Amino acid sequence: MAHNSIITLDGVGVSFPRQALLRRGEPFWALENVSFDVREGETLGVIGRNGAGKTTLLKVLAGILKPERGKLINTGHRVAMLSLQLGFLPNLDGRDNAMLSGILMGLTRAQVRARLGRIVEFAELGDFIDEPVATYSAGMRARLGFAVALECDPDVVLIDEILGVGDADFRAKSAAAIEGLIRSNKTVVLVSHNADTIERLCERAVWIEQRVTRALGAVGDVAGAYRLSAAPASRDGGGPAAQPEV
Amino acid sequence: MPRIHYLELLLFKTYADLKAEAARTYLSFLWWVIEPVLFMLVFYVVFDLLFKRGGGGDFIPFLLCGLTVWKWFDGTLRMGMSCLRTNVALMRQVWLPKILFPSTIILNNTAKFAVVQCLLLGFLWLYGYLPTRVYLALPVLLLVQLLLIMACTYWLAALEPFLPDLRLIVNNGLTLMLFLSGIFYSADRIPEAYKSYYFLNPMAALIDAYRDVLLDGVWPNWIRVGWVAFGSIVGIYGAYVFFRRFDRIYPKILF
């Protein structure tokens, strides 16, 4: 596996102004000093408690937010979050929504059209694909959203704690599909507060705590350190073992 | 992502929005015709039937020439102003050039306007105002108005996230502009001394030009139209630069 870095973060900090126009008051820093790199073909885990800045970090990687401090170097790769039901309009049928969602995530119309058969099959929608999404059950909508997201193949996939949607059967199927994606040669950044998930799926990990990088390296070391730090002071509801996933 | 992709996105998003909008009502696409007709009927009832402002039968074509193009301008600005706010969930999930959102609104409203404009032309021909040589100027006027709408909508959409109060000012400002654009009266009634000020309003200049072409069969005042086009192009460029400068600020300041 190649080991060249395709995205590098160097001392990245992201702040949110408290007031839009006059920028009065101190800005709120969601991230202060984060450094790590994402290497081609790897699965990098980002671990941290609620409020550590994990989601903000994903948005920086996806190019949605601009860091006020530090540097982000992307060597020309398309980075996107795995977004479910992106841009869905309830009055449109499944076909139009799949098309809209796919184009929003960077596919061309022709590409979505070519993948529509697979999407419908994976989502187990059958003839319902021609019905308005408003008439779908929540589970059906989730299935369609997931199937489209899975087909939108960016160079680097960012996954934020979504490891299964829909009813029990589909949860297993979608979790397996995500794991398949993660285990493939695709470059993936997986965010979780659960050390076990990260340890099971990633090769390297970075631990974000209090808006700065606490540790970076082989997943075993980072996950171990994270667990140790969480064990004594378990006041934090988002402790690693507190919320089982999938 | 290549630029062509954003064009495809613009077209499909507009198509999807229009279709979703139509699906929300029983009469769906018929509203593209009914709604503007109702809008114009209101002004017809007030000014022609109530105030007897017309004096002759020709007031209705005169009024409609101004109202249809005004509605294109007014409707797009009102809808486009808050489009970044309404799309904030989307722009937090995926990076998109922000100018895409007002562009979708502009295209959406322009498609609806195209239907109304065809109806207006048909109505004028039935009324006896047949096409003349100067109809050649009509596409130019429509293009210049599109540029004006783009410039105004882009700027309002770009500024509204920083100044949410803008919405209230613009809503009333547009109402004032409706009365200052010569929709209910002819520019000829403006005293000569004030005329140059009156035509500083780009919509007044355009509506006067439309009437020259559609009703009077004379060439419009190209100098005025040219100024509107020039100002609009400068405005569009400025807004484009502004959007690029604040592109990744918008997801931070909108809630």
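Atom set for the values below is all heavy atoms of this structure, side chains included, hydrogens, waters and symmetry mates excluded. Quick caveat: nothing in here was measured; it's all calculated off a predicted structure. Numbered from 1 within each chain, the chains take letters A, B, ... in sequence-line order.
Counting heavy-atom neighbours within 6.0 Å of A:Phe128 CZ, excluding the residue itself, gives a total of 12 or less. Residue A:Glu131 qualifies as enclosed at atom CD: its count of foreign heavy atoms under 6.0 Å is above 12. Summarising the local packing, CG of B:Asn172 is surrounded by more than 12 heavy atoms from other residues, nucleotides or ligands at distances under 6.0 Å.
Side-chain atoms of B:Gln93 never come within 3.5 Å of backbone atoms of A:Leu86 as a donor-acceptor pair (strictly under, hydrogens ignored).
Taking a cutoff of 4.0 Å between a charged side-chain nitrogen and a carboxylate oxygen, A:Glu68 and B:Lys252 qualify as a salt bridge.
Taking every heavy atom of both residues into account, B:Ile253 and A:Pro17 meet most closely at CG2-CG, 3.7 Å. Between B:Ala20 and A:Leu92, the shortest heavy-atom distance links the atoms N-CD2, 3.6 Å. For B:Glu8 against A:Leu107, the heavy-atom pair with the smallest separation is OE1-O, 4.5 Å.
Residue B:Tyr250 does not touch chain A at all, counting heavy-atom pairs closer than 4.5 Å. Heavy atoms closer than 4.5 Å to chain A are found in both the backbone and the side chain of B:Asp17. In this structure, chain B has a heavy atom under 4.5 Å from the backbone of A:Ala62, while its side chain stays farther away. Contacts between A:Lys66 and chain B at a heavy-atom distance below 4.5 Å involve backbone atoms as well as side-chain atoms.
Interface remark: of the candidates A:Ile64, A:Leu89, A:Leu65, A:Val14, A:Ile64 forms the most heavy-atom pairs closer than 4.5 Å to chain B. For the set B:Lys19, B:Arg248, B:Met91, B:Lys13, the count of heavy-atom pairs under 4.5 angstrom toward chain A peaks at B:Arg248.
Residues meeting the side-chain hydrogen bond (donor to acceptor under 3.5 Å, both in side chains) test with A:Thr75, sequence neighbours left out: A:His77. The salt bridge (Lys or Arg N to Asp or Glu O under 4.0 Å) check on A:Arg115 picks up nothing, with sequence neighbours excluded. With sequence neighbours excluded, the residues forming a side-chain hydrogen bond (donor to acceptor under 3.5 Å, both in side chains) with B:Ser103 are B:Tyr154, listed by chain and number.
For the pair B:His5 and A:Ile103, the minimum side-chain heavy-atom distance is below 4.5 Å.
Here A:Thr108 contributes atom OG1 and B:Ile4 contributes atom CD1; the two are 10.5 Å apart, rounded to the nearest 0.5 Å. The CZ atom of A:Arg78 sits 12.0 Å away from the CH2 atom of B:Trp95 when rounded to the nearest 0.5 Å. Taking CG from B:Leu9 and CZ from A:Arg109, the interatomic distance works out to 11.0 Å, rounded to the nearest 0.5 Å. From B:Phe12, atom CZ reaches atom CG of A:Leu104 across 9.5 Å, with rounding to the nearest 0.5 Å. Between B:Ile249 atom CD1 and A:Phe16 atom CZ the span is 10.0 Å, to the nearest 0.5 Å.
Using a 4.5 Å cut-off between non-hydrogen atoms, no part of residues 226-244 of chain B approaches chain A.
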